Amino acid sequence: VQLQASGGGLVQAGDSLRLSCAASGGILSNYLMGWFRQAPGKQRELVALITRGGTTTYADSVKGRFTISRDNAKNTVLLQMNSLKPEDTAVYYCAAGYSYKGGLSEDDYTYWGQGTLVTVSS
C-alpha cells in the first residue's frame with residue numbers, strides 16, 4: 001500500500017485546513033488509519049486515528065478542533081483541522097496498519113505516507 005498525504009500549507013492562527021491521505025495498492029477501509037505529526041525538534045506523535053469500524057480517537061491537544069474521517073468512495077482518509085494554532089505546526093503523516101486493537105503506537109502501523117507540512121502563523 002502506498003499512501004500520499006496532501007493538503008498542507010501556510011495558514012494563520014484560527015484558520016482551517018483539510019488534509020487528505022490517498023492510497024494505491026490497497027483499500028483503506030480494510031486498515032486502521034492514523035494521522036501523526038512531528039514538530040521541529042520533537043518526537044512524532046499521534047494526532048488521530050480511526051478504526052475499521054469508524055471509532056475515532058484524538059490527542060487531547062486537538063480534541064474538539066480536528067476530525068478524522070473516511071471517504072471510502074475515494075479510498076481516502078481525511079483530517080479536518082479547525083481553529084489551528086501555532087503549536088499545530090508540524091509535518092503531518094498518514095499511516096495504515098493491520099492492528100485490530102490499540103493504534104496509539106507507531107508500531108501499530110505498517111504503511112506511511114511521505115508527510116505534508118502544516119505551518120500556522122500567529
Side-chain angles (χ1 to χ4, degrees):
V1 177
Q2 292 185 326
L3 303 177
Q4 178 77 34
S6 62
L10 172 62
V11 297
Q12 293 186 332
D15 285 350
S16 298
L17 276 177
R18 188 175 74 169
L19 305 184
S20 295
C21 179
S24 59
I27 300 174
L28 291 187
S29 60
N30 293 334
Y31 296 88
L32 165 72
M33 296 299 301
W35 282 98
F36 288 76
R37 68 185 180 188
Q38 187 167 21
K42 295 186 177 181
Q43 289 189 327
R44 190 157 56 185
E45 63 176 358
L46 175 72
V47 175
L49 68 89
I50 185 166
T51 67
R52 293 168 183 79
T55 299
T56 57
T57 300
Y58 297 92
D60 287 343
S61 59
V62 307
K63 280 181 183 176
R65 300 188 297 121
F66 290 13
T67 303
I68 187 172
S69 62
R70 295 181 184 270
D71 185 339
N72 292 332
K74 296 182 178 179
N75 201 28
T76 61
V77 173
L78 305 173
L79 184 68
Q80 178 66 43
M81 307 186 295
N82 298 330
S83 302
L84 283 161
K85 303 176 180 180
E87 51 263 44
D88 295 318
T89 295
V91 177
Y92 284 71
Y93 301 88
C94 61
Y98 296 104
S99 177
Y100 277 89
K101 53 185 177 180
L104 301 180
S105 169
E106 291 186 31
D107 293 339
D108 293 323
Y109 299 88
T110 303
Y111 306 104
W112 291 81
Q114 86 291 356
T116 184
L117 176 62
V118 173
T119 304
V120 184
S121 64
S122 58

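Here the structure is a predicted model, which is why all the values come from computation and not from measurement. In this chain, residues are counted from 1 in sequence order.
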Shortest non-hydrogen contact from [X] toward [Y]:
{"X": "Ser69", "Y": "Ile50", "answer": "CA-CD1, 4.1 Å"}
{"X": "Ser99", "Y": "Leu32", "answer": "O-CB, 3.7 Å"}
{"X": "Ser16", "Y": "Asn82", "answer": "OG-OD1, 2.9 Å"}
{"X": "Met81", "Y": "Val118", "answer": "CE-CG2, 3.8 Å"}
{"X": "Leu28", "Y": "Met33", "answer": "CD2-SD, 3.8 Å"}
{"X": "Thr116", "Y": "Leu19", "answer": "CG2-CD2, 4.0 Å"}

**Report entry** Neighbour count above 12 (heavy atom, 6.0 Å) for Gln2 CD
**Finding:**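 Atom CD in Gln2 is not crowded, with 12 or fewer foreign heavy atoms closer than 6.0 Å.
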Query raised in the report: More than 12 heavy atoms of other residues, nucleotides or ligands under 6.0 Å from CZ of Arg52: is that the case?
Result: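 Atom CZ in Arg52 is crowded, with more than 12 foreign heavy atoms closer than 6.0 Å.
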Query raised in the report: Counting distance only, does the side-chain N/O of Asn75 pair as donor-acceptor with the main-chain N or O of Gly26 below 3.5 Å?
Result: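 At least one qualifying donor-acceptor pair exists.
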Report task. Determine yes or no for a side-chain-to-main-chain donor-acceptor pair under 3.5 angstrom, with Arg37 supplying the side chain and Val47 the backbone. Result ->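 Checked: no pair found.
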Do the non-hydrogen side-chain atoms of [X] and [Y] ever get within less than 4.5 Å of each other?
{"X": "Gln4", "Y": "Gln114", "answer": "yes"}
{"X": "Leu78", "Y": "Ser20", "answer": "yes"}
{"X": "Leu84", "Y": "Phe66", "answer": "yes"}
{"X": "Ser61", "Y": "Glu87", "answer": "no"}
{"X": "Val120", "Y": "Asp15", "answer": "no"}
{"X": "Arg44", "Y": "Trp112", "answer": "yes"}

In this structure, would [X] and [Y] fall into the same cluster of hydrophobic residues linked by side-chain contacts under 4.5 Å?
{"X": "Trp35", "Y": "Leu49", "result": "no"}
{"X": "Tyr58", "Y": "Val77", "result": "yes"}
{"X": "Phe36", "Y": "Leu104", "result": "yes"}
{"X": "Leu3", "Y": "Val91", "result": "no"}
{"X": "Ile68", "Y": "Tyr109", "result": "no"}

**Report entry** Rounded distance [0.5 Å steps], OG1 in Thr119 versus CG in Leu10
**Finding:**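 Result: 6.0 Å between the selected atoms.
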Query raised in the report: Taking atom CG of Leu46 and atom CD of Glu106, what is their separation to the nearest 0.5 Å?
Result: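 Rounded to the nearest 0.5 Å, the CG-CD separation comes out at 9.0 Å.
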Requested in this report: Determine, using ring centers only, whether Tyr31 and Tyr98 are less than 6.0 Å apart.
Outcome: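 Yes, the ring centres sit under 6.0 Å apart.
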Query raised in the report: Are Lys85 and Asp88 within salt-bridge range, i.e. N to O under 4.0 Å?
Result: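 Asp88 and Lys85: not salt-bridged.
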Report task. Apply side-chain hydrogen bond (donor to acceptor under 3.5 Å, both in side chains) to Asn30 and list each qualifying residue two or more places apart in sequence or on a separate chain. Result ->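 Asn30 satisfies side-chain hydrogen bond (donor to acceptor under 3.5 Å, both in side chains) with no other residue.
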